[in-house]
K.L.:
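The structure follows.
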Protein chains: 2
Amino acid sequence: MRPETLTDPADPRLDPYARMRERDLVGRAGRFVVEGEVTLRLLLGPRSRFRAESVLLAPERLPGLAREADDCPAPVYLADKPVMSAVTGFPIHRGVLAIGLRGEAPAPEALVPPEGPALVLGLAGLTNHDNVGAAFRNAAAFGADAVLLDAASCDPLYRKAIRVSAGAALITPFARLQAGADWLALADRLRLDALALSPGAGEELGAAPLPARALLLLGTEGPGLEAALLGRARSLRIPMAGDFDSLNVATAAGIALHAVARAQGRLRGFNTER
Amino acid sequence: MRPETLTDPADPRLDPYARMRERDLVGRAGRFVVEGEVTLRLLLGPRSRFRAESVLLAPERLPGLAREADDCPAPVYLADKPVMSAVTGFPIHRGVLAIGLRGEAPAPEALVPPEGPALVLGLAGLTNHDNVGAAFRNAAAFGADAVLLDAASCDPLYRKAIRVSAGAALITPFARLQAGADWLALADRLRLDALALSPGAGEELGAAPLPARALLLLGTEGPGLEAALLGRARSLRIPMAGDFDSLNVATAAGIALHAVARAQGRLRGFNTER
């Protein structure tokens with residue numbers, strides 16, 4: 001759309017951008033905020049799972065995003081950085097913002113290919129936005145079909161989670177489980193083999209073949225996955241060295257996703273299975 | 001040492017804890033700050049590379065750390081959280097702080113085993129404390145012998161870097177290169193085979209055997225390693241899926257460290273090479 005210049009911080013068209021940090025805490029009723037050029041391109045690009053409601057650019061950022069602005073079906077507003085900062089309530093440095101619309105939440109069944117190879121990441125009780133964002137980034141890098149989150153995990157469309165995901169939260173399909181949903185019953189229903197990652201597991205990642213249809217489950221760094229779940233699932237640990245037995249949960253997800261994606265042959269140009 | 005209770009925020013023995021955030025920016029002249037129980041145990045434990053100058057605990061944290069306090073050769077101070085907060089200048093929640101002493105900076109040569117298997121992580125131009133901390137955590141998890149940092153990389157003993165490293169920065173030997181030092185000349189001197197990780201490399205990680213003595217080099221996420229370096233080193237990329245070609249630099253380090261550590265047989269209980 002043809003960009004329109006706004007100069008009044010109180011312009012109602014800027015209201016979704018207002019008081020940004022306070023709204024991070026209380027939620028945005030079906031909207032989310034996208035920051036930065038890379039992430040905006042993903043929101044407006046062909047792989048995006050979401051529609052933009054509007055885009056807000058500092059005028060000096062328009063030349064570099066002219067084609068995206070032209071092709072954007074949503075309104076594109078231009079405002080000087082001081083106006084942007086007055087609206088959001090904190091200094092805006094990069095001058096690239098957008099509001100996305102969540103739309104309908106999909107069911108897990110809608111996201112997992114019904115047959116053939118499948119790689120799904122399941123996040124249980126991840127309440128840290130950095131970890132959820134980083135897990136999405138890894139899921140996108142290794143071509144996971146979807147991410148499933150339990151009811152306790154935090155929102156992948158939280159502003160910081162999107163930023164840490166490098167925009168992966170906008171293109172990697174995800175769905176949320178209902179409170180109390182059973183991961184293994186879900187895996188059965190989706191015809192996925194559950195792999196529960198746990199530092200205490202007996203089987204080591206890489207010691208035995210990995211399934212063609214995998215649901216890779218990770219819990220929080222402290223308590224990890226529930227014992228009841230671990231007792232019923234095939235569980236794997238990432239072997240480490242010495243006595244510093246500590247990996248960040250998103251890093252552990254990255255290492256395991258890499259191993260499963262490689263075993264499934266989904267890595268670009270990777271021809272040599274050893 | 002027998003703990004001593006301090007009640008005056010202006011007590012000179014508390015001065016190294018004062019104005020903590022301001023001092024994060026200007027530096028601490030040979031000191032660093034440790035926060036939290038896990039990290040304190042590493043500072044005071046047998047694998048620590050550093051001496052504590054003092055420990056500062058909220059009284060309610062003493063029972064859980066009684067043995068560490070007893071064995072600690074440095075003074076242990078007790079202060080209520082409001083006193084701790086008044087000293088540091090921000091609310092102290094966990095009630096566990098310590099000051100460490102940097103000591104003499106080692107030379108790279110002192111940290112790398114002169115023969116036998118070796119795994120060294122080299123960080124070039126990493127200016128983000130989260131990434132440096134996370135890289136140390138991965139280096140410790142996979143048993144790297146040392147981390148080397150170029151002059152442009154940030155300080156692993158910065159308060160946030162230690163925290164993100166889960167204390168790995170206190171136990172993993174590290175050294176800093178002089179400005180302008182050449183990584184490949186250093187690798188030669190240490191008899192290490194340099195492996196430069198780069199998204200544009202022709203060789204894929206896992207497609208060919210990995211060296212028994214490895215210097216794994218990573219650059220920043222944006223520009224990456226210098227072209228001049230990549231042109232002279234064996235360079236590797238982590239294969240990814242589809243067109244989301246983006247891994248966090250510390251996650252990339254984790255995946256590559258895992259692969260090299262596994263090939264070198266340094267992972268605990270990992271018997272099955274496939």
Side-chain angles (χ1 to χ4, degrees), chain A residues 38 42 45-47 119 130 133-144 164-168 171-172 202 204-209 221 237-248 250-259 261-274, chain B residues 38 42 45-47 119 130 133-144 164-168 171-172 202 204-209 221 237-248 250-259 261-274:
Chain A
V38 170
L42 287 170
R47 297 183 64 194
L119 175 52
D130 292 82
F136 267 82
R137 186 171 177 180
N138 294 338
F142 297 118
V164 173
S165 82
I171 61 171
T172 300
E204 284 167 347
L205 178 72
E221 284 179 45
R237 68 185 165 89
I238 296 173
M240 292 180 231
D243 49 2
F244 187 80
D245 206 359
S246 168
L247 275 179
N248 167 270
T251 305
I255 290 171
L257 284 164
H258 174 253
R262 187 176 158 184
Q264 292 182 352
R266 65 174 68 214
L267 300 187
R268 191 180 50 217
F270 201 99
N271 300 315
T272 319
E273 271 297 310
R274 297 179 62 246
Chain B
V38 170
L42 288 170
R47 297 183 64 193
L119 175 53
D130 292 82
F136 267 81
R137 187 170 177 180
N138 295 337
F142 296 119
V164 173
S165 83
I171 61 170
T172 300
E204 284 168 346
L205 179 72
E221 284 179 43
R237 69 184 166 89
I238 296 173
M240 292 181 230
D243 49 3
F244 187 80
D245 206 359
S246 166
L247 274 180
N248 166 271
T251 305
I255 291 171
L257 284 164
H258 174 253
R262 187 176 158 184
Q264 292 183 350
R266 66 173 67 215
L267 300 186
R268 193 180 48 218
F270 201 98
N271 300 314
T272 320
E273 272 296 312
R274 298 179 61 245

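Naming: A, B, ... by sequence-line order, numbering from 1 per chain. Because the structure is a prediction, the values reported are computed rather than measured.
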K.L.:
Name all residues meeting the side-chain contact (heavy atoms from CB on, under 4.5 Å) criterion together with A/Ala168; count only those two or more places apart in sequence or in a different chain, and write none if there are none.
P.N.:
A/Phe136, A/Ala140, A/Ser165, A/Thr172, B/Phe244

K.L.:
If you tally heavy-atom pairs under 4.5 Å against chain B, which of A/Ala261, A/Gly143, A/Ala141 wins?
P.N.:
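Ranked by heavy-atom pairs under 4.5 Å with chain B, first place is A/Ala141.
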
K.L.:
Can you list the steps and then say if B/Asn138 with B/His258 is a side chain to side chain contact (heavy atoms under 4.5 Å, CB included)?
P.N.:
CA-CA 9 Å; B/Asn138 295 337; B/His258 174 253; over 6 Å; no

K.L.:
Given heavy-atom pairs under 4.5 angstrom as the criterion, report whether the side chain, backbone, both or neither of A/Leu257 touches chain B.
P.N.:
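Interface part for A/Leu257: neither.
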
K.L.:
Please rank B/Ala252, B/Ala259, B/Ser246 by heavy-atom pairs under 4.5 Å with chain A and give me the top one.
P.N.:
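With the most close heavy-atom pairs to chain A, the winner is B/Ser246.
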
K.L.:
Would you indicate whether the side-chain heavy atoms of B/Asp130 and A/Asp130 approach each other to under 4.5 Å?
P.N.:
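Not touching, per the 4.5 Å side-chain cut-off.
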
K.L.:
Among residues at least two apart in sequence or on other chains, which ones pass side-chain contact (heavy atoms from CB on, under 4.5 Å) with A/Ala134?
P.N.:
A/Val164, A/Ala250

